[in-house]
2 protein chains.
Amino acid sequence: MKKYSRQRETVLEVLQSVKTHPTASWIYDRARLEIPNISLGTVYRNLSELRKFGYIISFKTDDGNEHFDATTDKHYHFCCTECGKVIDLILEGTEELDSKAQKILDCEVNNHQLLFYGRCKLCMNSAKLKPNN
Amino acid sequence: MKKYSRQRETVLEVLQSVKTHPTASWIYDRARLEIPNISLGTVYRNLSELRKFGYIISFKTDDGNEHFDATTDKHYHFCCTECGKVIDLILEGTEELDSKAQKILDCEVNNHQLLFYGRCKLCMNSAKLKPNN
DNA sequence: TTTAATAATAGTAATCATTACTATTATTAT
DNA sequence: ATAATAATAGTAATGATTACTATTATTAAA
C-alpha cells in the first residue's frame, strides 16, 4: 500500500457500504459496477492488503466461505446454518476467555475466534409455515 | 455407511491413533502405509461419513486447513500461529455463551466454535534462543 | 455355498476458491 | 516532464475437495 489506486478505494467502499459480510466474489461483482474491467485478482490482493493494514477483518464460516467485514471493532458473528446469513454480535466480558485458556495451556494466547451457529429468526418463522413439520 | 469397508476402518484407526489433529492428506499418507492403493477420494468420503455419524469431528483453522479429531467430547482448540500445531483445551462454563448469544440475537443458537490463537510453549522458547530478538 | 443386489472403491476428471505471473498502466517524488 | 516503481488486467497455475464411472467387495437370501 505505497500508492493509491481507485481499485483499492472501490473495494473498501463497497465493503463499507453494506451491513452484510460478503465474500470476495460478491465484492468483485459489486466493484465491477463501478470499474467494469477490474480483475478478480485485484480484488483478492486488495482485500488482503486492507486486512493486513487493519482496515477490514475476515473470517471463515463452516460452509468454507471467507467473509469480509469493514467493522473492525471487537465483535463476534452468528451464522445461520439454513440460509447462511451472518449477523454481528457484541458480547461483553470475553477477554477472560484468552486468559483462562492461557492459564490452562501455559502458552501465549493472543486472541480467539468465536462463531455461533443456529437458525436465524427468518428461517425459524418460515419453518413454522411449512406443512408436515 | 450401510456396508463395512477396510478403508473406512483404517481411516478411523489412523485418526484414533494420534493425539494431533491431522488434515485429510496427512491421514491419506498414513492410511497408504496400511492400504497402499487407497484413494484420496475414499479418504475424503469416509471422513465425511464418519463425521456425519458422529464418530469424528472437524474444524478449520485460519490457515485454511481442515483438521480432523477422533475425540468427540466437547472441547476447544488452540492453534499456534507460528508452527500451526493444534492443542486440545477443555473450558468449563461455556454453555452460557450460546444462551447469552441467543438472548441478544433473538435467534435459535445451537452451538459455537471457539478457536484460540497464539504461540505454543515450544515456539515461545525457540524465540528466546534467537539472536537479535 | 452360490447368487443377486448394491454399497464402496480406485482412478481419474472436474470444480472452485485463491494465488502467481507478466506485460502494461498509473501513481508519485523529483 | 521524467524516472522509478507500485498496482493493474488478464491469464495461467495451484491446491483442496468433489464428482464420475467402471470395477470390486460386502451382505442378505436362496
Side-chain angles (χ1 to χ4, degrees), chain A residues 1-15 20-69 79 81 84 86 113 115, chain B residues 1-15 20-69 79 84 86 115:
Chain A
M1 258 161 89
K2 299 188 177 169
K3 288 184 181 173
Y4 167 87
S5 84
R6 187 157 86 91
Q7 286 82 349
R8 184 183 305 125
E9 186 174 50
T10 300
V11 166
L12 182 57
E13 280 174 359
V14 163
L15 190 55
T20 56
H21 304 75
T23 62
S25 87
W26 190 96
I27 295 167
Y28 171 57
D29 288 339
R30 192 66 179 267
R32 269 200 293 187
L33 300 178
E34 192 74 23
I35 306 174
N37 69 330
I38 191 172
S39 93
L40 182 56
T42 296
V43 171
Y44 271 106
R45 184 167 18 76
N46 279 310
L47 286 170
S48 286
E49 289 283 290
L50 289 166
R51 181 180 44 202
K52 193 167 84 182
F53 285 86
Y55 291 102
I56 67 175
I57 60 169
S58 79
F59 58 96
K60 281 206 181 77
T61 46
D62 271 0
D63 57 24
N65 290 122
E66 178 150 33
H67 298 266
F68 294 89
D69 189 343
C79 182
T81 51
V86 176
Q113 188 217 60
L115 195 49
Chain B
M1 262 161 85
K2 298 187 178 171
K3 287 186 181 172
Y4 166 88
S5 84
R6 187 157 85 93
Q7 287 82 347
R8 184 183 306 126
E9 186 173 51
T10 300
V11 166
L12 182 56
E13 280 174 358
V14 164
L15 191 54
T20 57
H21 303 74
T23 62
S25 86
W26 190 96
I27 294 166
Y28 171 57
D29 289 339
R30 192 65 179 267
R32 270 199 292 185
L33 301 178
E34 193 73 23
I35 305 174
N37 69 331
I38 191 173
S39 92
L40 182 55
T42 297
V43 172
Y44 271 106
R45 183 168 19 76
N46 280 309
L47 286 170
S48 286
E49 289 283 290
L50 289 166
R51 181 181 45 204
K52 192 167 85 183
F53 285 86
Y55 291 102
I56 66 176
I57 60 168
S58 78
F59 57 96
K60 280 207 181 77
T61 46
D62 271 1
D63 57 24
N65 289 123
E66 177 150 36
H67 298 266
F68 294 88
D69 190 344
C79 181
V86 176
L115 196 48

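The model shown is predicted, which means the values in this text are computed figures rather than measured ones. Order of the sequence lines fixes the chain letters, A, B, ..., with proteins taken first and strands second; residue numbering starts at 1 for each chain.
Separating the NZ atom of Lys52(B) from the P atom of dT18(D) is a distance of 13 Å, rounded to the nearest angstrom. Atom CE in Met1(A) sits roughly 12 Å away from atom P in dT28(C) (whole-Å rounding). Straight-line distance from the CG atom of Asn46(B) to the C1' atom of dA8(C): 8 Å, rounded to whole Å. In this structure, Ile35(B) places its CD1 atom 15 Å from P of dA8(C), rounding to the nearest Å. The distance from atom CD1 of Ile27(B) to atom C1' of dT17(D) is 14 Å, rounded to the nearest whole Å. Between Leu47(A) atom CG and dA17(C) atom C1' the separation is 13 Å, expressed in whole Å. In this entry the distance linking OH of Tyr28(B) with C1' of dT18(D) reads 15 Å, nearest Å. For the pair Asp63(B) CG and dT18(C) P, the computed distance is 14 Å after rounding to whole Å.
Contact annotation: Ser39(A) does not reach the phosphate of dG10(D) (side-chain N/O to OP1 or OP2, under 4.0 Å).
Looking at every heavy atom in both residues, Gly84(B) comes nearest to Cys79(B) through O-SG, 3.9 Å. Of all the heavy atoms in His67(A) and His21(A), the pair that sits closest is ND1-O, 2.6 Å.
Counting non-hydrogen atoms under 4.0 angstrom, Asn65(B) reaches nothing in the nucleic acid. Residue-level contact check: Lys2(A) touches the backbone only, with heavy atoms under 4.0 Å from sugar-phosphate atoms and none from bases. Counting non-hydrogen atoms under 4.0 angstrom, Tyr44(A) reaches a base of the nucleic acid. When heavy atoms are screened at a 4.0 angstrom cut-off, Leu40(A) is found touching base atoms of the nucleic acid.
From Asn65(A), atom CG reaches atom CZ of Phe59(A) across 10.5 Å, with rounding to the nearest 0.5 Å.
Looking at which nucleotide of DNA chain D each of Thr42(A) and Tyr4(B) is closest to, the 5′-most match is held by Thr42(A).
No more than 12 heavy-atom neighbours from other residues, nucleotides or ligands sit within 6.0 angstrom of OH on Tyr55(B).
Taking the side chain as every heavy atom from C-beta outward, Leu50(A) and Phe68(A) never approach each other to under 4.5 Å. Using a 4.5 Å cut-off on side-chain heavy atoms (C-beta onward), Val11(B) and Leu15(B) make no contact. Asp29(B) places a side-chain heavy atom less than 4.5 Å from the side chain of Arg32(B). With a 4.5 Å cut-off on side-chain heavy atoms, Glu34(B) and Arg6(B) count as touching.
Residues from residues 5-15 of chain A placing a heavy atom under 4.0 Å of any atom in DNA chain D, listed by number, are Ser5(A), Gln7(A), Arg8(A).
Ranking dT17(D), dA10(C), dT18(C) by closeness to the Glu66(B) side chain, first place goes to dT17(D). For Asn37(B), taking side-chain heavy atoms from C-beta onward, the closest of the listed nucleotides dT18(C), dA7(C), dG11(C) is dG11(C). Of the candidates dT5(D), dT17(D), dT26(D), the closest approach to any side-chain atom of Lys3(A) belongs to dT5(D).
As the counterpart of dA23(C), dT8(D) is assigned, both hydrogen-bonding distances of the Watson-Crick or G-U wobble pattern falling under 3.5 Å.
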